Amino acid sequence: MTTAVASHPLRDSTTMVRRNLKRMLRYPSMTVPLIAMPVLLLLLFVYVFGGTLGAGLGGASGGRAEYVNYVVPAILVITVSTVVQGTAISVAMDMTEGIVARFRTMSIARVSVLTGHVIGSLIQALLSLAVVTGVALLIGFEPRGSVGDWFALVGVLAAVTFALIWFTVAIGQASQSVEAASNLPMPLMFLPFLGSGFVPTDSMPDGVRWFAEHQPFTPIMESIRALLMDRPLGNDLWIALAWCAGIALVGYVWAKRLYNRTA
Amino acid sequence: MTSRAAQQAIVVRGLRKSFGDKVVLDGIDLDVAQGSVFSLLGANGAGKTTTVKILSTLVAAGGGRAEVAGHDVATDPDAVRAAIGVTGQFSAVDNLLTGEENLRLMADLNHLSTKDGRRVVAELLERFGLTEAARKPASTYSGGMRRRLDLAMTLVGDPRVIFLDEPTTGLDPRSRRGMWQIVRDLVAGGVTIFLTTQYLDEADELADRIAVLEGGRLVAEGTPEELKRRIPGGHVRLQFAEPGDVRTAQRILGGDAHADGDALALRVPNDGSLRSLKALLDRLDDESIAVDGLSVHTPDLDDVFLALTGDSGLEKVTNR
Ligand SMILES: Nc1ncnc2c1ncn2[C@@H]1O[C@H](COP(=O)(O)OP(=O)(O)OP(=O)(O)O)[C@@H](O)[C@H]1O
Ligand SMILES: [Mg+2]
């Protein structure tokens, strides 16, 4: 026999999102580096490596100008990776801080604690992406996509972010400490390098190249690149979305299971 | 089931819990009447927090059954959560938010209207002496303030059954008394309190019934008075001025008297009543033995606790 207790998932989730946004504002030492990091990477790759790498691309203009346009998709994906690393940390902090134990003993929609983190991080990621795109435009990035492409681009980026956030919400709960939570998502920072993010995959040796072409970040970055530069999408978009759906589902199920566990 | 639940706020039968092969609770039965204070005593690691976690739906029991506010914790956790408030052993406040924001968060999660929420938050800040610190982040609060905020957050939802896991550990004497008064006020309002503590005076002061947890079982359960009566330990301590008097007194009082501490004192079993005290003093007076000082020791819960929890318990308590 279970007694019906009125559930307010929407209201509780809104409350939790507000809580998470407040925490981000209160703790800028965590929020600011999350935006600074991809901006610095962008500047590093464009101004330090860009001349040489751009020449290797063999485009019409060549050099640095060519490379900005090539590297922006990778930087956008890294922006998302950085934000979700923050998600893992703040989830782990929450779990160690006791307030979540309090939430668990309260009659609130269970999922709201997690959706609070997910939506809070999503908002943060979209802001970071906007900042990074702004900086890219300032240093010579010339996108060629149509308005429709931009809408599709926002959709793809939101899907990637959403998937990775659910995944790291699970990782944040699975880690035994805040330190572990900050290290576990590291591969998400490296995967764009082992894909088509910074140099085309056909310049890589066979084994690495096989990996680069089959890992999830490559179709994601290729889709973003195609949308930004008005190039043919091919199958990349569907493969990217399939990866996102898969990662989101695994992350969601895992995160919920961890949250509901009663040791 | 529902009829008994009408009078009992908490009913526990055969509750078990192990972590790995470590048995923490080994079959526990409890009844806590509505509107009463129940105190669970135990040494460090006895399983007090584990019991609270099971009853507050945080941790699943390994066996047995528990009902809180008439609802089964295993099959109907949401109904239990709607009825309870928990102040855990370790602080459960959001350190990055201010005291006021923490309370507002609780008001929102309890689905109070904005107006009611404001009123309840202001009242609680006032009642717990936090009005001045309301706009400061909880991370800047002292241990006592944090504890008060913690309890205030628990009260926002107006719970009918409240779990307090060592609510006064680390508080100064004044704050402890303040916390006790809050508990008394809550009980006066009909709330049921399940309290764990290591302070026996606290249990003595607040609890209607006390249970002592040891080795995974309840080794004693009853009112504070009942528990004290179970322990023989009442005695009179006699202090003498002359070694000669000690020897004479020991001779006339026989095997009952034991040397106590220094050579000039005797410990004599005695229930502390006026009549038996007079009889004792008369016997000494008949022999013209001069008694320098006298103190009566009635058993308190410390005796109960130490007697029931054995050597290992004693060690752990003193180590803390
Ligand atoms: N999650 C866990 N995993 C493994 N062992 C645990 C876990 N939680 C508690 N224990 C063990 O169970 C025993 C009881 O712990 P509990 O926290 O309930 O004790 P306690 O009576 O609250 O002690 P204290 O007075 O120190 O708070 C301890 O030996 C502890 O090590
Ligand atoms: Mg404890």
Side-chain angles (χ1 to χ4, degrees), chain A residues 1-31 86 89-117 120 178 257-263, chain B residues 1-2 17 19-20 50 52-62 68-98 101-102 104-111 137-139 146 150 153-154 156-157 159 163 165:
Chain A
M1 174 205 77
T2 52
T3 319
V5 176
S7 171
H8 304 79
L10 219 57
R11 192 167 167 192
D12 293 344
S13 296
T14 315
T15 305
M16 292 298 184
V17 172
R18 252 203 324 265
R19 164 175 181 258
N20 280 295
L21 291 178
K22 253 186 216 156
R23 284 171 61 91
M24 286 172 194
L25 291 178
R26 282 303 141 70
Y27 202 16
S29 57
M30 177 138 147
T31 315
I89 294 172
S90 69
V91 169
M93 264 172 68
D94 238 12
M95 297 298 147
T96 51
E97 259 188 4
I99 182 97
V100 166
R102 178 185 286 287
F103 293 149
R104 282 200 180 115
T105 64
M106 294 175 68
S107 170
I108 54 181
R110 287 237 114 185
V111 77
S112 64
V113 176
L114 302 182
T115 45
H117 279 289
V178 176
R257 156 138 353 140
L258 287 172
Y259 186 74
N260 285 326
R261 80 186 147 183
T262 47
Chain B
M1 176 183 124
T2 16
K17 179 72 188 176
F19 292 105
T50 305
V52 169
K53 282 186 174 167
I54 293 173
L55 294 180
S56 59
T57 76
L58 271 177
V59 165
V68 175
H71 307 286
D72 192 298
V73 293
T75 59
D76 203 0
D78 260 331
V80 172
R81 289 180 196 129
I84 64 170
V86 186
T87 298
Q89 181 170 4
F90 304 105
S91 125
V93 308
D94 190 325
N95 282 315
L96 295 185
L97 301 186
T98 66
E101 284 168 341
N102 267 293
R104 287 288 317 198
L105 177 65
M106 292 298 120
D108 289 342
L109 292 175
N110 279 292
H111 311 119
S139 55
R146 187 185 300 267
D150 216 332
M153 286 167 75
T154 302
V156 172
F163 294 91
D165 195 359

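Computed from a predicted model, the values in this text were never measured in an experiment. Quick note on labels: first sequence line is chain A, next is B, and so on, each numbered from 1.
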Practice item. Go through the side-chain N and O atoms of H71(B) and D78(B) and say whether any donor and acceptor fall under 3.5 Å apart. Key: no
Side-chain donor-acceptor pair present, R102(A), T154(B), cut-off under 3.5 Å:
yes
inquiry  = Under 4.0 Å between a side-chain nitrogen and a carboxylate oxygen: does that hold for R18(A) and D108(B)?
reply    = yes
Highest number of heavy-atom pairs under 4.5 Å with chain B among M93(A), E97(A), R26(A), M16(A) belongs to R26(A)
Here the pair of heavy atoms bringing V17(A) nearest to G120(A) is CG1-N, 4.4 Å
Between the side chain of R81(B) and the main-chain N/O of R104(A), is any donor-acceptor distance below 3.5 Å? yes
Contact origin within [X] toward chain A - heavy atom pairs under 4.5 Å:
| X | result |
| --- | --- |
| N102(B) | side chain |
| S56(B) | both |
| V86(B) | both |

Most heavy-atom pairs under 4.5 Å with chain A, out of P159(B), G88(B), A92(B), belong to A92(B)
